[in-house]
Protein chains: 2
Amino acid sequence: MQVPKASDVLAEELRERILRGEFREGTVLPPERELVVQTQMSRTTVREALRILEVQGLIRIKTGRSGGAYVQVPGEESVASSVNLMIRGRRIRLAALLETREAIEPACARLAAKYRTDSDLVALETANVAISVESGSLADFLQANVDWHVAVATASHNELLTGFMSALSRAIYASTDNQGFIDAEVRSLTLRAHQRITEAIRARDADGAVRRMSRHVHAYAEAVLKIDERTAIEVPEG
Amino acid sequence: MQVPKASDVLAEELRERILRGEFREGTVLPPERELVVQTQMSRTTVREALRILEVQGLIRIKTGRSGGAYVQVPGEESVASSVNLMIRGRRIRLAALLETREAIEPACARLAAKYRTDSDLVALETANVAISVESGSLADFLQANVDWHVAVATASHNELLTGFMSALSRAIYASTDNQGFIDAEVRSLTLRAHQRITEAIRARDADGAVRRMSRHVHAYAEAVLKIDERTAIEVPEG
DNA sequence: CTGCTAAATTAGGTACGACCAAAAACCTGG
DNA sequence: CCAGGTTTTTGGTCGTACCTAATTTAGCAG
């Protein structure tokens, strides 16, 4: 007997209707009790279906009067969270994260050089200014670093790459935090590299942007892994 | 008053315990009724929490005796499904999908050439054989095509790239299906290109693999977009 | 008329309790 | 020892009642 779960069926139907555009972004689905009379299902089942859609990022549920299930479109956060779960669950090594970034980010730089707008440049420069603040804490530096890398991805105007890169950057941030990875020299080298890449993107120099970005992320990866190895030896069961 | 939802709290706690390794993959969480007495929450709440974890790919729920919430680790399917939701929800254009593949897949080819095993090669060749079957339908061809591309990603031995690429390949498959994209010439060109790339990967020729893959996906993208444009003009409101 | 507070209203959140359905384990007749 | 039905465990669904949040609206003071 093949009996798919009622809540899954409802969730699937609502999902299709949302993706089909029947409910536009920002509109609210009918209230739970209304869905109950429409679907002849129990409120428990209806609620489970809504929960599924919420976790998938298709709706956002608000309580109170004029609350309800607000339709939204799954975006970067959704992809980022599943990527993060995979990274944590599979215990993906820092080396693999850096390798992935080496694989993807040069391509982001190429597209950024191709499609950047003036406001993209502003975002890049703002992030660079934040990095150059020498008095900032390590966390500040890393955050500004993430912001810059995400800004590059954003400048590519490719939503898929942007979502993936922001997840990746945050994961790398989390892994390189709370360890003695970054010293003053790394910070100044990073700043210089970012500036040179930003220049290439500004000049719409696609090949230059790729080359400089490749070198930058490769050098960063090598530096981090060297330190990672050392600390791994020093603290075998950290 | 800041009252986070009870089910979210439970879900978060269980999620952390799973990711922390407290429950190993394949083990089962306590039954719902047991969690009820442990947490002092209602069964409704407990079930909602489990549903959340299920959607996030952290558990798989089976019914019946010796059923329950089996712990698993979120993998490619999880990432792929959220990427697909984003693609459908944001109505990402075929051009952007192809652009993304052009950005990522050459890097996959490089890593594949670097890390491939013999069994990876077998998978690649098996997919190529499936492609070469001339009598196959369009769906068969496209499926075999997807299999080959996924096999390249798998050979990179980078789980993140693999997950992302398989989602991307399937989305491109879905977009190029049911349209007159592929003719006999494209099929034979594709087969030749795949064989040449496979050879480079076999020879561990990283640069060659990158170059050939770049050319292949670029040519494919150009061909598809040319046809896409034409059909878009012919059928303005398809 | 203005502005603030309090009640009414609408929606989601939680709790029980009962019962259904699936699947493994168990038992019993052959 | 085996086949087939029965028991038991565990998730799935239902219905009702009640709590909580948030907005709206009504009422009251100034």
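So that the names make sense, note that chain A is the first sequence line, chain B the second, and so on, each numbered from 1.
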Can you find an N or O donor on one side and an acceptor on the other, under 3.5 Å apart, linking the side chain of A:Arg47 with the base of C:dG12? no
Let me know the distance between CZ of A:Arg33 and P of D:dG15, rounded to the nearest Å. 14 Å
Rounded to the nearest angstrom, tell me the gap between atom CD1 in A:Ile61 and atom C1' in D:dA22. 16 Å
Please check: side-chain N/O of B:Ser78 versus main-chain N/O of B:Pro74, any donor-acceptor pairing under 3.5 Å? no
When the distance from CD of B:Glu34 to C1' of D:dT10 is rounded to whole Å, what number comes out? 13 Å
Rounded to the nearest angstrom, tell me the gap between atom CG in B:Leu35 and atom C1' in D:dG12. 16 Å
Do B:Arg43 and C:dG17 share a donor-acceptor pair, side chain to base, under 3.5 Å? no
Round to a whole Å and report the spacing from NZ of A:Lys62 to C1' of D:dT20. 16 Å
Between A:Thr27 and A:Phe23, is there a donor-acceptor pair closer than 3.5 Å when you use the side chain of the first and the backbone of the second? no
dist B:Phe164:CZ -> A:Ile104:CD1 (nearest 0.5 Å) comes out at 6.5 Å
Under 4.0 angstrom, heavy atoms only, what part of the nucleic acid is A:Leu50 near: base, sugar-phosphate, or nothing? nothing
Would you say B:Ser7 reaches C:dT14's phosphate, i.e. side-chain N/O to OP1/OP2 under 4.0 Å? yes
Are any of B:Thr45's side-chain N or O atoms less than 4.0 Å away from OP1 or OP2 of C:dA15? yes
Polar pair under 3.5 Å, donor/acceptor by atom type, side chain A:Arg65, base C:dG12: no
First of A:Asp8 and A:Gly67 reached from the 5' end of DNA chain D, by closest nucleotide: A:Asp8
Between D:dT9 atom P and B:Tyr70 atom OH, what is the distance in whole Å? 15 Å
Please tell me if B:Ser42 has a side-chain N or O lying less than 4.0 Å from either OP1 or OP2 of C:dA15. yes
Does B:Thr44 put a side-chain nitrogen or oxygen below 4.0 Å from OP1 or OP2 of C:dC16? no
Which whole-number value in Å describes the distance from B:Glu32 CD to D:dT13 P? 11 Å
Has B:Asn84 got a side-chain atom pairing as donor or acceptor with B:Ala80's backbone, closer than 3.5 angstrom? yes
A:Ser132 versus A:Arg187, side-chain donor and acceptor atoms under 3.5 Å: no
What is the distance, to the nearest angstrom, from the CD atom on B:Glu48 to the P atom on D:dT13? 13 Å
